[in-house]
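One structure below.
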Amino acid sequence: MALVQRASLTYVCIMAFLILTAIRLDQRLEWNWFLVFIPLWVFDFVVVALLVIKLISHCRVGYDQSDMSLSLVNKVWLICVMGLALTFKILLCVRLQYAADMAHYWVFVPLWLMLGLSAVRLIPWTSKLR
Amino acid sequence: MLFTLSETVQWLGMTVFELWVHTVSLLLFTVFLTLKLQDVWPVTWWTIFAPLFTCDSLNGYFVSIVVIRLYLYQGFRVAALRLFWSGLLLALIFVFKMLLCKRLEGEADIPCSIIMSPLFVLFQVLMIRACQVS
């Protein structure tokens, strides 16, 4: 996919999610939170599917055929990050919809891991990419 | 994810350092938020949002240095464009956080659609930039 197509997908999913969240929080809709998060589920599904396809193709051919040219380690890392993000969103929906007595830190642990690891991983790049 | 780091930098018009500052401040904010929601640390919402506002001020300072250097080495036009883009991004994010904080603190009864309006504008602008970058 070209950059503009990927950006369009991101834009549509996030805008739809923000609009649904605003409507839900203003209590004009009484939708289940799992339904409000549908745009993000769609986005996550596309991203994970693309990553898994690229990972399988990389393992079979031995190199990355796409224009993104990510190493195998980077692909596994991105799948782990997506897994953490997905876990956070599922736990958040469960907390908001079904388990009001669930401790907040259980919800935020995957997000902390994701942000902490991303921050550590970004450090070597802070002086390289401008 | 969907974008490489260089594509993200190109699209958002931010340096990796700015992205890193945003990531760390978000991490701190979520830790503070959890402490507040669990009633472990009963402080005002302005204190909880402090890491995010600090991030904005740090990025503002960083951008001002970058703009001065760009003006000295690459001319007025490049510096003005960078200042406009970074200023717009920072201002929209700051307004969103301020409105959200006011609503949570009970200082103003603002509907969520109004609170999120800076984010709607931000994503429109980012979409236009994606077309330009590609």
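Protein chains get the first letters and strands the later ones, always in sequence-line order, with residue 1 at the start of each. Just so you know, these numbers use all the heavy atoms, side chains as well, and skip hydrogens, waters and symmetry mates.
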Going from [atom1] on [X] to [atom2] on [Y], what distance comes out if it is rounded to the nearest 0.5 angstrom?
X	Y	atom1	atom2	answer
F53(B)	D56(B)	CZ	CG	7.5 Å
L91(A)	L86(A)	CG	CG	10.0 Å
M127(B)	L122(B)	CE	CG	13.0 Å
F94(B)	N59(B)	CZ	CG	13.5 Å
C13(A)	F37(A)	SG	CZ	13.5 Å
H58(A)	L55(A)	NE2	CG	8.5 Å

Close approach to chain A in [range], criterion heavy atom under 4.5 Å:
range	result
residues 75-93 of chain B	none
residues 103-117 of chain B	R103(B), P111(B), C112(B), S113(B), M116(B)
residues 19-49 of chain B	L19(B), W20(B), T23(B), V24(B), L26(B), L27(B), T30(B), V31(B), L33(B), T34(B), L37(B), Q38(B)

| task | Answer yes or no: is there a side-chain heavy-atom contact under 4.5 Å between K75(A) and V52(A)? | result | no

Closest approach of [X] and [Y], non-hydrogen atoms and distance?
X	Y	result
K97(B)	L52(B)	NZ-O, 3.4 Å
R24(A)	W33(A)	NH2-NE1, 3.4 Å
M114(A)	A85(A)	SD-CB, 3.6 Å

| Side chain, backbone, both or neither of Y105(A) within contact of chain B (heavy atoms, under 4.5 Å) | both

| For L122(A), is it the side chain, the backbone, both, or neither that has a heavy atom closer than 4.5 Å to a heavy atom of chain B? | both

| task | Measure centre to centre between the rings of F43(A) and F17(A), then say whether the value is under 6.0 Å. | result | no

| OH of Y11(A): more than 12 outside heavy atoms within 6.0 angstrom? | yes

What residue in [options] has the most heavy-atom pairs under 4.5 Å with chain B?
options	answer
G116(A), S118(A), A7(A), S8(A)	A7(A)
V46(A), I14(A), L50(A)	I14(A)
L18(A), L25(A), L9(A)	L18(A)

| Is it the backbone or the side chain of Q124(B) that comes under 4.5 Å from a heavy atom of chain A, or both, or neither? | both

| said: Quick check on side-chain contact (heavy atoms from CB on, under 4.5 Å): which of V94(A), V107(A), L84(A), D44(A) does K89(A) satisfy it with? | reply: D44(A)

| task | Check whether the side chains of N32(A) and Y98(A) place a donor and an acceptor atom closer than 3.5 Å, and report yes or no. | result | yes

| query | Checking R121(A) against W77(A): charged group under 6.0 Å from the ring centre and within 45 degrees of the axis? | reply | yes

| F62(B): partners by ring-ring contact (aromatic ring centres under 6.0 Å, His included), with sequence neighbours left out | F17(B)

